[in-house]
Amino acid sequence: MQENRTFDNLFNGYPGADTVQSGVSNGTVIPLQPVSLSDSRDLDHSHLSWVHAVHNGAMDGFAQSQVSPSTLAYSYVPESQVEPYWTLAREYALGDRMFESSSGPSYPSHQYLIAGQSGLVAENPSGGWGCDAGSNSLAPLIGPNGTEVAPGLPPCFDYRTIADLLDQAGVSWRYYAPDPDDGFYELAAFQAIRHIRYSSDWQTKVIFPATQVLTDITNNELAQVTWIVPDLDNSDHPGSGTASGPDWVASIVNAIGQSKYWSSTAIFVTWDDWGGWYDHVLPPKVDEMGLGFRVPLLVISPWAKHGYISHTVHEASGFITFTERNFGLGSLGQRDVNADGFADCFDYTQPIRPFIPVATGNANGD
């Protein structure tokens, strides 16, 4: 799970995919301008900002939606700075109808990755995140017609997650997350689930730092189901000041591709939310929480269709659906019930081709 990019922002101009070279702001056409992946500016991407950007379906409020109004949202990252992503897209499957599960920022989005819901939380908590947060931290909830209910609830919940189904079935899992002294530790979604945060699962299956996954792959210790949340530097998050995210993702793909796991593995890469960047496709409405704007999707596997562009509507709950079906787990009964599990992205009859390592070395965004 990478951070804060729309499809128009990260795959602009990709052949065969639905992207545009200009957007509309309050009736004015604005050409999209190139902005470095390592640009230091971070746009407002709250739920209320999303409401302004959608502007009742006009999709022209991205400039007005920012805390400090500007046209920076109408930007894209040049292909040369994200070449590993484009390389993976050319070789495997790319989705141009993958939507953020919620219409808010990172906290609710990461909950959908593990639970297919966020407890109706619409925004990031006001203080610390998850069960580690102080008693004064509250997370606003979604209200009628996209409004918000404040002050909200403490950001520590106890709903079921896919990890509970995996534990019941005896399927191994690990969740790799930024170290507790990293600013992105808050993104560790299981930190917000009380019965996991205060259990042995937290001690043995939530792994810090995220880079440990590379060691575990090398040592043939990869779990059957794995989540990987990078630290700030490797996340693609605007304002990080780095452009190492594409190389980070490629390093994981290369490690798995050259391991014994390759022939039986599917790797999904997506971005948690829109980050405030422009995207021209109006999101479909499935419930009060979303869907949010488009985010990129890569499906990487020897069984993924080669050079395929999926125009099927997807969202993060589909990862849960895929896992439930693959291991016969039953259902959480949330968004996973109606998600298709990315079925169109795979062809299980095709022969396995030798893995070709993805070139890296462009971490400075040059």
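The structure presented is a predicted model; accordingly, all values stated were derived computationally and were not measured. The figures here come from the full heavy-atom set of this structure, side chains too, leaving out hydrogens, waters and symmetry mates.
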Handout entry: Least distance between heavy atoms, Y261 atom then E221 atom
Key = OH-N, 3.2 Å
Practice task
For the residue pair F157 and Y107, categorise the inter-ring angle as parallel (less than 30°), tilted (30 to 60°) or perpendicular (more than 60°).
Solution key: tilted
Handout entry: Hphob cluster co-occupancy, Y112 + V269, side-chain heavy atoms under 4.5 angstrom
Key = no
Problem - Geometric class of the H306/Y92 ring pair [parallel <30°, tilted 30-60°, perpendicular >60°] - result: tilted
Exercise for the section: Evaluate the criterion salt bridge (charged side-chain N to carboxylate O under 4.0 Å, His left out) for residue pair E79 and R90; output intermediate values, then yes/no. Expected result: CA-CA 13 Å; E79 176 190 349; R90 286 189 287 266; 3.5 Å; yes
Handout entry: Nearest-0.5 Å distance, CG of residue D60 to OG1 of residue T28
Key = 9.0 Å
Handout entry: Check: V206 and D201 side chains under 4.5 Å, non-hydrogen atoms
Key = no
Exercise for the section: Determine the sole option in F7, F293, F62 for which the ring pair (Phe, Tyr, Trp, His ring centres under 6.0 Å) test with Y278 is passed. Expected result: F62
Practice task
Determine the interplanar angle of the F268 and F319 rings, folded into 0 to 90°, and report it as parallel if under 30°, tilted if 30 to 60°, perpendicular if over 60°.
Solution key: tilted
Exercise for the section: Answer yes or no: is there an ion pair linking K305 with E91, defined by an N-O contact shorter than 4.0 Å? Expected result: no
Exercise for the section: Would you name the heavy atoms of P108 and N124 that are closest together and state the gap between them? Expected result: CD-OD1, 4.1 Å
Practice task
Classify the angle between the aromatic ring planes of Y175 and W227 as parallel (below 30°), tilted (30 to 60°) or perpendicular (above 60°).
Solution key: tilted
Exercise for the section: Supply the atom-to-atom distance I217 CD1 to W262 CH2, rounded to the nearest 0.5 angstrom. Expected result: 11.5 Å
Problem - Aromatic W271 / basic R5 pairing, under 6.0 angstrom, 45° off normal - result: no
Practice task
Check whether the side chains of Q33 and S75 place a donor and an acceptor atom closer than 3.5 Å, and report yes or no.
Solution key: no
Practice task
Could you note down all residue pairs passing disulfide (SG to SG under 2.5 Å) where residues 108-179 supplies at least one of them, sequence neighbours left out?
Solution key: C131-C156
Problem - Min side-chain heavy-atom separation E315-V286 under 4.5 Å - result: no
Problem - Cluster check V313, L113: I/L/V/M/F/W/Y, side chain < 4.5 angstrom - result: no
Exercise for the section: Answer yes or no: is there a side-chain heavy-atom contact under 4.5 Å between I193 and R160? Expected result: no
Handout entry: Note, L298 side chain near F11 side chain (heavy atom, < 4.5 Å)
Key = yes
Handout entry: Connected via hydrophobic side-chain network under 4.5 Å: Y14 and V281
Key = no
Completion exercise
Scanning both residues in full, the closest heavy-atom pair of V149 with G143 reads CG2-CA, 3.9 Å
Problem - Co-membership, hydrophobic cluster, residues I207 and F190, 4.5 Å side-chain - result: yes
Exercise for the section: State yes or no: do I252 and I356 share one hydrophobic cluster built from I, L, V, M, F, W and Y residues joined by side-chain heavy-atom distances below 4.5 Å, directly or via other members? Expected result: no
Problem - Contact summary for F342 and M98, nearest pair of heavy atoms - result: CE2-SD, 4.1 Å
Exercise for the section: Report the relative orientation of the aromatic rings in W274 and H45; use parallel for angles under 30°, tilted for 30 to 60°, perpendicular for over 60°. Expected result: perpendicular
